[in-house]
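Since this is a predicted model, take the numbers as computed values, not measurements. Sequence lines set the chain letters: A, B, ... in the order given, protein chains first and strands last, and positions in each chain run from 1.
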Number of protein chains: 2
Amino acid sequence: MTEDMSEEARSTGAKQAGRPRRSEQTLLDAAAAVFLASGVDAPVREIATKAGVGVGTIYRHFPTRAELVVAVYRHQVEACADAGPRLLADSVTAEAALRSWVALFVEFLVTKHGLAGALHGDDAGSDALHTYFVERLVPVCGSLLEAALGAVDTAPAVDAYNVLKGIGNLCIGAATDARYEADVLVQLFVTGVLAPRIR
Amino acid sequence: MTEDMSEEARSTGAKQAGRPRRSEQTLLDAAAAVFLASGVDAPVREIATKAGVGVGTIYRHFPTRAELVVAVYRHQVEACADAGPRLLADSVTAEAALRSWVALFVEFLVTKHGLAGALHGDDAGSDALHTYFVERLVPVCGSLLEAALGAVDTAPAVDAYNVLKGIGNLCIGAATDARYEADVLVQLFVTGVLAPRIR
DNA sequence: TGTTTTACGGAGCATTGTTCCGTAATGTTG
DNA sequence: CAACATTACGGAACAATGCTCCGTAAAACA
């Protein structure tokens, strides 16, 4: 009970002693700017400098670089997730919906310098990033896939997790390699995934 | 002339003063062992220790970590490149040849911890790796692709470079993520690439 | 005004790739 | 055989980077 009260007190207006927290939004804005300029792999120190803040402050708000990245792109990931059902409702065919959604996802990944690369959580640090993307987008991708494959009697060749991660991987390096056409490759990949239906 | 003579002298038997070079093979063996145990991203120090050598020695033989990696896997890359024409000759269809070759390539990439990830030369350091793979394998992949797509009148959707790099990307993380089935995804991707022929 | 609480800043630690230089080993030469 | 010249060696040192820690400053409270 006492804990509940103190927590509520904190979240309502009753102020506690102590320095006021810097608005996280300030940090997020600075991070977004730096990511835009130098890519998602930009050093934390650079973000701290840009925000006029010590690195400690960043780490107190976002315990890991990956969580900072998640926070910066949360809006856009949510938007991407929300677009799934909408496209499914608005498109004439389920395949068209899937392809539009995939194109959206690819554009998002490619636009953000190095996001796709940071996405495969091999190193322990970027787990948060990987986990968030997967948890949020796999269900969406799954629905679209299911709809697009609905008419088939054979089991799908791969699950939504694999499709999503495959797409993510295909986007790696797209921003830095002019010859690499991630969007085309991804659409061909989708064609392959849907192929059993075509045959 | 004088330069030619001295160079020839060095490469034939006439010995120059100086400490004898450690056999590069020793270093390569140690590196291969460490890569097998800890992945291609293993610290250079670890390799040096394993080889009973200072880091300086490694860097004198292989100016960059990437070049060391290239040297370690050169044999297998060559084997993969050589397999291309052979498969094309031995398979009943060009598509079968392409698919077999791709499977070979995928197995190679997936077997070596993190090789696929190190392959996209975003950071300047791993350029050598990227370049070598591309130069050696793009032509091979191109021949197989051309053969498999030969019957089509429409232009191919993507070039061999994109296909090769796409496959490479699809293999990223396969070794560390049990749920991720790179081999299946790659074959679906190939299906997509060949799709114009199917329709 | 003094106390308490809380956030802040940035020095510091650990880990990397890579460079550099004094030193050791070995063939050549007198 | 004894200097010498040459070459490779080893590992300390540097720079970059993620992350931790602690003394300090600011704000609310009494």
Side-chain angles (χ1 to χ4, degrees), chain A residues 6-7 9-27 30-31 34-35 38-70 114 117-118 121-129, chain B residues 6-7 9-27 30-31 34-35 38-70 114 117-118 121-129:
Chain A
S6 74
E7 276 183 20
R10 184 173 313 183
S11 64
T12 39
K15 298 202 171 170
Q16 293 285 99
R19 219 173 175 178
R21 279 200 147 208
R22 251 167 213 285
S23 149
E24 295 199 344
Q25 198 53 52
T26 305
L27 305 183
V34 172
F35 287 167
S38 319
V40 226
D41 295 329
V44 176
R45 284 166 176 77
E46 196 178 329
I47 299 164
T49 303
K50 174 84 176 184
V53 139
V55 284
T57 300
I58 296 214
Y59 277 96
R60 202 163 317 100
H61 287 254
F62 309 97
T64 278
R65 232 184 76 268
E67 295 185 41
L68 174 61
V69 176
V70 168
D122 277 13
D123 40 353
S126 62
D127 255 1
L129 192 57
Chain B
S6 73
E7 275 182 20
R10 184 172 312 185
S11 63
T12 40
K15 296 198 173 174
Q16 292 286 99
R19 221 173 176 179
R21 280 202 148 205
R22 252 169 213 283
S23 147
E24 296 199 345
Q25 198 54 51
T26 305
L27 305 183
V34 172
F35 287 167
S38 318
V40 227
D41 294 328
V44 177
R45 283 166 179 76
E46 196 177 329
I47 298 164
T49 303
K50 174 85 176 185
V53 140
V55 285
T57 301
I58 297 214
Y59 275 94
R60 201 160 322 98
H61 287 254
F62 309 97
T64 277
R65 233 186 74 271
E67 295 186 41
L68 173 60
V69 176
V70 167
D122 278 13
D123 39 354
S126 62
D127 255 0
L129 192 56

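One end of the helix from C:dT1-D:dA30 to C:dG30-D:dC1 points its axis 40° away from the other end's axis, with each axis taken from 5 pairs and the angle rounded to 10°.
Taking the salt bridge (Lys or Arg N to Asp or Glu O under 4.0 Å) definition, one finds that B:R21 meets it with B:E24, sequence neighbours left out. Taking A:R19 as the reference, nothing meets the side chain to side chain contact (heavy atoms under 4.5 Å, CB included) condition, with sequence neighbours excluded. In this view, A:T26 and A:S23 satisfy the side chain to side chain contact (heavy atoms under 4.5 Å, CB included) rule, not counting sequence neighbours.
Between the CG atom of B:D41 and the P atom of C:dT16 there is a distance of 10 Å, given to the nearest Å. The distance from atom CG of A:L27 to atom C1' of C:dA7 is 12 Å, rounded to the nearest whole Å. We find that CG of B:L68 is positioned 15 Å from C1' of C:dT16, with the value rounded to whole Å. One can place OH of B:Y59 at 16 Å from P of D:dA12, the figure rounded to the nearest angstrom. To the nearest angstrom, P of C:dT16 lies 14 Å from CD1 of B:I58. Going from atom CD of A:E46 over to atom C1' of D:dC19 covers 17 Å, rounded to whole Å. Atoms CD1 (B:I47) and C1' (C:dG17) sit 11 Å apart, rounded to a whole Å.
With A:R65 as reference, A:D41 is the one residue of A:V40, A:V70, A:D41 to meet the side chain to side chain contact (heavy atoms under 4.5 Å, CB included) rule.
Of all the heavy atoms in A:V69 and A:F35, the pair that sits closest is CG2-CZ, 3.8 Å. Contact record, B:Y59 with B:V44: OH-CG2, 3.4 Å, taken as the closest heavy-atom pair.
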Any protein N or O atoms within reach of nucleotides 8-14 of chain C? Criterion: under 3.5 Å, listing atom names and distances.
unit_1	atom_1	unit_2	atom_2	d
C:dC8	OP1	A:R22	N	2.5
C:dC8	OP2	A:R60	NH1	3.3
C:dC8	OP2	A:H61	NE2	3.3
C:dC8	O4'	A:R19	NH1	2.7
C:dG9	OP1	A:R22	NH2	3.0
C:dG9	OP2	A:G54	N	3.3
C:dG9	OP2	A:T57	OG1	2.7
C:dG9	O6	A:R60	NH2	3.4
C:dG10	N7	A:V55	N	3.4
C:dG10	N7	A:G56	N	3.4
C:dG10	O6	A:G56	N	3.1
C:dG12	O6	A:R45	NH2	3.0

Show every donor-acceptor pair shorter than 3.5 Å between a side-chain atom in residues 45-56 of chain A and any protein atom, with sequence neighbours excluded, or say none if there are none.
unit_1	atom_1	unit_2	atom_2	d
A:E46	OE2	A:S38	OG	2.9
A:T49	OG1	A:R45	O	2.8

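Proximity note for B:T64 (side chain, C-beta onward) versus D:dT17, C:dT18, C:dG17: the nearest is C:dT18.
Distance check, rounded to the nearest 0.5 Å: CG of B:L68 to CG of B:L27 gives 8.0 Å.
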